[in-house]
Amino acid sequence: DFPNVTHVLNLGIVGTAADYLHRAGRCGRIGQNIAQPGEVISVLAQQEVPLLQALGHELDFVADSMLLPADALVTEASSSDDKVRLLEDTFQLFSDEGATPGDDW
């Protein structure tokens, strides 16, 4: 276990509702000394969105969404540097003051 986890970053859908809840729960452990509740960020392909919505229905949450610009998309064929840059940029969106889920880039 890692103490004081503030963000969980999912790359795709992690599996069952129990899997998702286990991973997302890392940022909401009892006794954590953090000022704000944690954030769960899921980077998804368009075809995975209905899977996250189904998890939300099962686990009673509604996921906010943020569309990334077309030039931010990466594929399996993209370089490792491009993949890392996308993750860094995505995480930065949630770290910037004033950036909220649902905002467009």
As an exercise, state the distance from OG of S42 to CG of L11, rounded to the nearest 0.5 Å.
9.0 Å
Using residues 53-61 as the side-chain source, report each donor-acceptor pair under 3.5 Å to any protein atom, sequence neighbours left out, with the distance given to one decimal.
none

Please report the interatomic distance CG(N10) to CG(L44), rounded to the nearest 0.5 Å.
8.0 Å
Over all heavy atoms of both residues, which pair between E76 and K83 is shortest? Give the atoms and the distance, please.
O-NZ, 3.2 Å
From OG (S78) to CZ (R85), nearest 0.5 Å:
9.0 Å
Residue pair Q47 / P50: nearest heavy atoms and the distance that separates them
O-CD, 3.5 Å
Give, for atom CD of E39 and atom CG of L9, the distance between the pair rounded to the nearest 0.5 Å.
11.5 Å
Is there a path from V84 to V8 through hydrophobic residues (I, L, V, M, F, W, Y) whose side chains come within less than 4.5 Å of each other?
no
